[in-house]
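Here the structure is a predicted model, which is why all the values come from computation and not from measurement.
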Amino acid sequence: MSKFSRINSETAARISGSAGLSMTVHDRIGHKLFPDRDNWRLVAATGLTILALALSFHAYRLIELCIFAVQYPYGLDYAEGLIWEHMRLFDSGRAYAPIDGSRAILFPYPPVYYLVVDAMGWLTGLDGLAAGRAVSMVALLLTGVVGGAIVYRIAAASTPKSAGLIPAGGACLILLSTWPVLAWAPLMRVDMLALCFSLSGVYFSMVALDRPRWVVAASVCFLLAVFTKQILIAAPAASFLVLLLLRPKTGLAGISICLVAGLALLAALGWWTDGGAIRHLFAGNVSRIIPSNLGAIGILIATHSVYVGIAAFTLRGRISAISAHWRGRGAWADFRARLSADRGSAMSLVLIIYFALATPMLLTIVKAGATMNYLLEWTNIVAIFCGLSLSGAARMFGRSASAPVAAKGSSGAAIVVSALAVQSLLLPNANIEGEYAPPSEAELRPLSRMVQSATKPIVSDDMAILVRNGKELYIEPALIGEGSRMGFFDQRPLLKDIQAGKFSFFITDGVRGDPVFDSRYSVEAADALNIAYPRKLEIAGRTIHLPPAR
């Protein structure tokens with residue numbers, strides 16, 4: 001037996017069964033319940049069937065929701081209309097304009113998403129909103145495929161290739177069934193595309209462990225991810241750290257590509273916009289800290305407690321498999337050699353570091369305006385570890401699995417599958433009414449006609465309805481509140497325009513005293529609005545602020 005085969009056999013034995021769960025505990029529980037291993041095979045088969053059916057149903061409902069979103073002509077989320085306007089300004093060469101005066105639109109994202117949406121619109125003939133949502137849907141599906149490919153590559157490194165199909169399929173479907181994905185994938189937002197690029201970079205960096213030239217593809221994907229959403233740095237950091245450890249020249253090459261190309265692109269973007277992009281992406285992207293936003297992390301963990309628990313145990317098992325290669329002081333070179341030979345553990349190390357870096361980044365959700373999209377990356381990693389936890393179940397049914405290993409891990413593998421099946425049944429289903437409950441087109445038609453007939457600018461929390469009716473955004477509402485509070489937006493010209501009655505009307509989510517309204521409009525703006533636009537009208541859940549009757 002070669003050194004490579006021996007190391008992989010040792011690793012497979014250590015992480016068999018539930019991919020890292022304690023075999024001692026499971027054996028004690030398992031033999032008390034079902035002494036016969038065939039009974040555990042029946043439990044595992046039943047659990048896998050339930051898991052596959054439930055997750056497939058969730059995936060079907062999510063895709064159905066995404067298709068509805070592509071066809072729905074109005075906004076489902078506050079920022080969709082803003083990003084749609086970004087598209088128009090970007091195409092007309094007016095992106096990243098100065099944030100001053102009474103008109104101001106903040107560009108918080110780099111330009112890759114806008115370019116991809118433009119391409120989608122050109123290919124399909126869809127308008128900007130529908131094309132943006134279609135990009136999110138395609139990116140969602142590709143992310144699931146890439147997540148499955150990562151798990152397959154790791155699982156197949158130490159077991160027969162056929163044994164990687166079950167973990168890979170599980171990871172793909174679990175990734176499509178989590179609450180943050182359910183809430184975010186149907187929207188015209190940058191996150192799904194950015195995460196697709198980021199996870200693709202992780203996959204190609206794993207390929208580069210065997211074929212160094214693939215580090216170029218990994219670097220390109222990481223650049224695309226960062227130039228879609230600039231905070232996605234955890235994946236490249238984890239990937240290049242492992243490459244530096246095991247293939248230093250390859251790691252340095254990847255880092256060099258990212259640094260040189262990234263700085264060149266940033267400089268070009270700054271030059272093209274006269275420095276405006278730098279101000280928008282960094283200085284203008286600072287918000288207040290809202291500690292109560294941390295509650296979303298608790299909700300995520302509570303609603304996905306089994307996923308998180310299984311991922312944690314699987315993570316522990318992978319760490320144990322890696323640490324077993326360490327032979328004590330002075331054994332660094334031997335550790336690197338053994339880890340490099342054990343491709344499954346080497347690739348697992350990328351995910352472990354990725355998880356370690358992404359976990360503290362969950363805290364960025366305290367930023368004002370942040371929501372479940374700041375939980376997406378971490379949740380995707382959890383889904384991948386859950387997929388890896390199915391490696392034990394795959395070995396139970398693999399023809400070439402060794403009898404001792406399969407027997408030892410059968411009870412643990414069956415318990416893992418059963419737990420994941422229960423979690424899949426408890427997850428919320430994607431449904432239009434429960435997740436978004438958008439007004440019907442008929443309900444919005446009167447408001448749409450008001451917008452069409454307006455002869456003056458309109459300030460609206462529902463920015464999509466303005467863009468839908470050919471109106472330019474005068475200002476992003478949240479910029480009034482957050483921008484003035486943070487000191488990078490001078491609201492005085494806007495206040496004068498409000499007092500002078502230069503707007504046809506305002507459309508807001510709620511009224512003064514409601515948390516959403518108060519977060520988007522400063523006290524001074526709310527005072528001016530109450531005086532200059534005192535009449536209120538409710539249409540399709542929106543509040544219309546009208547000037548005094550004549």
Under a 4.5 Å cut-off applied to non-hydrogen side-chain atoms, are [X] and [Y] in contact?
X      : Y      : answer
Glu538 : Ile544 : no
Asp509 : Asp514 : no
Leu175 : Thr143 : yes
Phe503 : Lys456 : no
Ser448 : Tyr74  : yes
Glu85  : Met463 : no
Val451 : Asn469 : yes
Ile480 : Ile475 : yes

Would you please name every residue forming a side chain to side chain donor-acceptor pair (under 3.5 Å) with [X], sequence neighbours left out?
X      : answer
Asn530 : none
Arg535 : none
Gln499 : none
Thr359 : Trp378

- If you draw a 6.0 Å radius around NZ in Lys502, do more than 12 non-hydrogen atoms from other residues or ligands fall strictly inside? no

- For Ile289, does the CD1 atom have more than 12 heavy-atom neighbours from other residues, nucleotides or ligands under 6.0 Å away? no

Which heavy atom of [X] sits nearest to which heavy atom of [Y], and what is that distance?
X      : Y      : value
Ile465 : Ser460 : CG2-OG, 4.4 Å
Ala238 : Val350 : CB-O, 3.6 Å
Gly148 : Ala171 : CA-CB, 4.4 Å
Gly387 : Pro167 : O-CB, 3.1 Å
Pro534 : Pro547 : CD-C, 4.1 Å
Ser504 : Tyr533 : O-CE2, 4.1 Å

- Cys386 and Leu420: CA distance, side-chain angles, deciding distance, side chain to side chain contact (heavy atoms under 4.5 Å, CB included) verdict: CA-CA 8 Å; Cys386 286; Leu420 291 175; 4.3 Å; yes

Give a yes or no on whether the backbone of [Y] and the side-chain of [X] come within a donor-acceptor separation of less than 3.5 Å.
X      : Y      : result
His58  : Ser177 : no
Asn293 : Lys367 : yes
Asp490 : Arg492 : yes
Ser198 : Leu195 : no
His280 : Ala97  : yes
Ser440 : Glu443 : yes
Ser424 : Ala421 : yes
Ser239 : Pro236 : no

- With salt bridge (charged side-chain N to carboxylate O under 4.0 Å, His left out) as the test, would you mind laying out the steps for Arg512 and Asp518 before giving the verdict? CA-CA 6 Å; Arg512 192 171 192 173; Asp518 292 342; 5.3 Å; no

Listed by chain and number, what are the ring-ring contact (aromatic ring centres under 6.0 Å, His included) partners of [X], not counting sequence neighbours?
X      : value
Tyr374 : none
Tyr521 : Phe517
Phe505 : none
Tyr72  : Phe68

- Query: With the threshold set at 4.0 Å, does a side-chain nitrogen-carboxylate oxygen contact exist between Asp461 and Arg542?
  - Reply: no

- Query: Between Phe222 and Phe240, is the ring centre distance below 6.0 Å?
  - Reply: yes

Measure the spacing between [atom1] of [X] and [atom2] of [Y] and express it to the nearest 0.5 Å.
X      : Y      : atom1 : atom2 : answer
Leu53  : Leu425 : CG    : CG    : 9.5 Å
Leu466 : Gln452 : CG    : CD    : 11.5 Å
Leu315 : Ile381 : CG    : CD1   : 10.0 Å

Can you give each donor-acceptor pair under 3.5 Å made by side-chain atoms of residues 110-117, sequence neighbours left out, with the distance rounded to 0.1 Å?
| residue | atom | partner | partner atom | Å |
| --- | --- | --- | --- | --- |
| Tyr113 | OH | Gly132 | O | 3.1 |
| Tyr114 | OH | His86 | ND1 | 3.0 |

- Sequence neighbours left out, what pairs pass side chain to side chain donor-acceptor pair (under 3.5 Å) with at least one residue falling in residues 120-136? Glu80-Arg133, Asp127-Arg468

- Quick one: do Trp184 and Leu187 satisfy side chain to side chain contact (heavy atoms under 4.5 Å, CB included)? Show the steps, please. CA-CA 6 Å; Trp184 217 249; Leu187 303 178; 3.9 Å; yes

- Note on the structure: By salt bridge (Lys or Arg N to Asp or Glu O under 4.0 Å), Lys471 pairs with (sequence neighbours left out) none

- Name of the residue among Val308, Ile310, Ile174, Leu351 meeting side chain to side chain contact (heavy atoms under 4.5 Å, CB included) with Phe385: Leu351

- Query: For Met192, which of Leu142, Leu140, Thr228 qualifies under side chain to side chain contact (heavy atoms under 4.5 Å, CB included)?
  - Reply: Leu140

- Task: Assess Arg520 against Tyr78: is NZ or CZ under 6.0 Å from the centre of the six-membered ring, and within 45 degrees of the ring's axis?
- Result: yes

- Task: Give the intermediate values and the outcome of side chain to side chain contact (heavy atoms under 4.5 Å, CB included) for residues Val459 and Ile507.
- Result: CA-CA 6 Å; Val459 177; Ile507 305 172; over 6 Å; no

- Side-chain donor-acceptor pair present, Asp497, Tyr474, cut-off under 3.5 Å: yes

Which atom pairs, one a donor and one an acceptor, fall under 3.5 Å between side chains of residues 299-307 and the rest of the protein, sequence neighbours left out?
| residue | atom | partner | partner atom | Å |
| --- | --- | --- | --- | --- |
| Thr303 | OG1 | Ile299 | O | 2.8 |
| Thr303 | OG1 | Leu300 | O | 3.2 |
| His304 | ND1 | Leu300 | O | 3.0 |
| His304 | NE2 | Trp179 | N | 3.0 |

- Item | side chain to side chain contact (heavy atoms under 4.5 Å, CB included) evaluation trace for Lys229 with Asp191 | CA-CA 7 Å; Lys229 189 172 184 179; Asp191 303 87; 2.5 Å; yes

